[in-house]
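The next block holds one structure in the form of structure tokens; read it before the comments.
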Amino acid sequence: MRALNLHLKILIVLLVSIGVLVTAYQIFVLGIPVTEDETDDLWNIDARVEFQANPREPVKVQMFAPPLNQDYVSLNESFISNNYGVSVNQVDNNRRVTWSARRTSGKQTLYYRLALTKRYTGDLPKPKGPVFRDSIPLEGAEKIAAEALLAPIREHSADVETFIGETIKRVNNLNDDNVKLLTAGNSSTSNRVRIVELLLSFAHVPMERVHTLRLIADQAISPELWIRSFNGEKWLYFNPDTGEPGLPADRLIWWTGDEPLISVDGGKQAKVSFTLNNSELNAIGLAKMTDQNTDVDFLEYTLYGLPLETQQTYQIMIMIPIGVLVILILRNLIGIQTLGTFTPVLIALAFRETQVGFGIILFTLITALGLSLRSYLEHLKLQMLPRLSVVLTFVVVLIAVISLLSHKLGLERGLSVSLFPMVILTMTIERLSITWEERGGGHAFKVALGTIIAASLAHLLMNIPELTYFIFTFPTVLLILVGFMLAMGRYRGYRLTELFRFKAFLKD
């Protein structure tokens, strides 16, 4: 007996642990939303390209587009142009869009549009970079100035990250004579980045320019220059103006390197203007869109990977254990008597279409008339199988009559009576009749009332939208319910109704 108890406890702990761990993994690691109402940001970016085309010359416009292997996932990418051919090529770690036309003239406008989200990016592969570079040749006064700046930088740094941060800090000190010499009066961000790269090369630390776009809605924005370096494990990002480490969460990497954003052959006065706006979409719908556009596919092996019609069926089926749990609690803990365990659950499923109030009326009417027929058939001394066949046929005819009368009276809700499980109604009538004969009409009425109460409660719980979404999205929660059901299987204590029943003994 002890071995059996230990086995049961281990099984319960195992099932509950699996259910909790898998559900926690889906919520905290995969980031699946806990509620259906949860939304995520969807960013829409418009890049407007304008230039003046040279008359009677072929035109080729090249512009960098964001790489796909970063924290933001592209959901839709479109190129809007008139009479231009469009192609996208991979150039090193960048993507380049090329518009081309044989003949055009005058002012030209092209559009690049992108919709993206940050959620559900998964563990996307990150590009790696070099960890060593040769020094940039330098002589004369500039070399002496660079070495003078490097001496305190080396002294105040401990690794690559602090070395780069200290270098940026020194270069941004425009009052330093060595910095003045190297910048030659040009204190622009791009020129200071050039000096940073020069100093880093003396220490053989590679550096790369990163052009980012800040995701902020309804404001005029332009690409921002950042720098980064690969330390052998990850990329280290720095703001060249402040030396601040780490790329902010609202920055989208657009392209890397020294080349300009856009180049035009056969045209002039090219410029790119950006417009951003964001909207909120249902998180699960957004996750499905993400799965279709990336290799993450974390929803593929969930119930959301099933066809839509099958999903609708499983949204009903997967709530049946919740209804069974309600019946279990009502019977084993409270002590309400019902016609078995599954009969109230099946009646609760029928209430989905009839609704509770109308469903109770229909159930009571059909059961009462069926009991009257069953009582009459008892006088004919029929065997069980013919008797059940007659009752089933009567139930079918009765359902048809109720549906016809409801339609004629304009009560369309009455048409849903056809969804009542006819076999279940037949067996309910048979079992109530036997209970009536064996234990009296009062007990039969109590059982019928308990069945209605249990079915109504199960229906209300099984049709809570938030609960349906949670169980459908995290089906391993059912393992936790199974663990509870197993624990209830050994419960031998008093029911709540029995406490009221024996209340008089407690007073004595």
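Computed from a predicted model, the values in this text were never measured in an experiment.
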Exercise. Take Asp159 and Asn231 through the side-chain contact (heavy atoms from CB on, under 4.5 Å) test and state the conclusion after the steps.
Key: CA-CA 9 Å; Asp159 51 21; Asn231 67 353; over 6 Å; no
Strictly distance-based, threshold 3.5 Å: is any side-chain N or O of [X] a donor or acceptor partner for the main-chain N or O of [Y]?
X	Y	answer
Thr23	Phe474	no
Thr468	Asn463	no
Asn89	Arg96	no

Are the side chains of [Y] and [X] in contact, using a 4.5 Å heavy-atom criterion?
X	Y	value
Ile360	Phe351	yes
Met319	Leu467	yes
Ile18	Thr476	no
Leu200	Phe163	yes
Val390	Thr393	no
Ile227	Tyr237	no

Heavy-atom pair with the smallest gap, counting every atom of [X] and [Y]:
X	Y	value
Tyr469	Thr35	CE2-C, 3.3 Å
Ala458	Ala348	CB-CB, 4.0 Å
Glu161	Pro245	OE2-CB, 3.9 Å
Phe238	Gly243	CD2-O, 4.0 Å
Gly483	Leu15	N-CD1, 4.5 Å
Ile168	Pro240	CG2-O, 3.5 Å

Quiz prompt | Partner residues of Glu224 under the salt bridge (charged side-chain N to carboxylate O under 4.0 Å, His left out) criterion, sequence neighbours left out | solution =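 Here the qualifying residues are Arg251.
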Quiz prompt | All salt bridge (charged side-chain N to carboxylate O under 4.0 Å, His left out) counterparts of Arg113, not counting sequence neighbours | solution =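 Partners of Arg113 by the salt bridge (charged side-chain N to carboxylate O under 4.0 Å, His left out) criterion, ordered by chain and then number, come out as Asp46.
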Working to the nearest 0.5 angstrom, can you tell me the gap between [X] [atom1] and [Y] [atom2]?
X	Y	atom1	atom2	result
Asp250	Leu215	CG	CG	6.5 Å
Ile329	Leu457	CD1	CG	10.5 Å
Arg133	Met207	CZ	CE	8.0 Å
Trp235	Arg228	CH2	CZ	4.0 Å
Lys128	Glu233	NZ	CD	10.0 Å
Ile320	Leu478	CD1	CG	11.0 Å

Exercise. Give the intermediate values and the outcome of ring-ring contact (aromatic ring centres under 6.0 Å, His included) for residues Trp255 and His211.
Key: CA-CA 5 Å; Trp255 86 100; His211 305 268; 3.9 Å; yes
Self-check item: Worked verdict on Leu276 versus Leu213 for side-chain contact (heavy atoms from CB on, under 4.5 Å)
Solution: CA-CA 10 Å; Leu276 280 73; Leu213 208 64; 4.2 Å; yes
Quiz item: In terms of side-chain heavy atoms, does Glu77 have a donor or acceptor partner in Tyr112 at a distance below 3.5 Å?
Solution: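 Result is yes, a qualifying pair exists.
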Practice problem: Identify, with sequence neighbours excluded, every residue that meets side chain to side chain donor-acceptor pair (under 3.5 Å) alongside Thr338. | Solution: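 Applying side chain to side chain donor-acceptor pair (under 3.5 Å) to Thr338 gives Arg331.
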Quiz prompt | Step-by-step side-chain contact (heavy atoms from CB on, under 4.5 Å) determination, Val16 to Val13 | solution = CA-CA 5 Å; Val16 173; Val13 171; over 6 Å; no
Exercise. Kindly determine whether Leu252 and Leu116 satisfy side-chain contact (heavy atoms from CB on, under 4.5 Å), including the steps that lead there.
Key: CA-CA 10 Å; Leu252 171 70; Leu116 48 82; 3.8 Å; yes
Quiz item: For Asp92, does the CG atom sit with more than 12 other heavy atoms under 6.0 Å from it, leaving out its own atoms?
Solution: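 No, CG of Asp92 has 12 or fewer neighbouring heavy atoms, counting only those of other groups under 6.0 Å.
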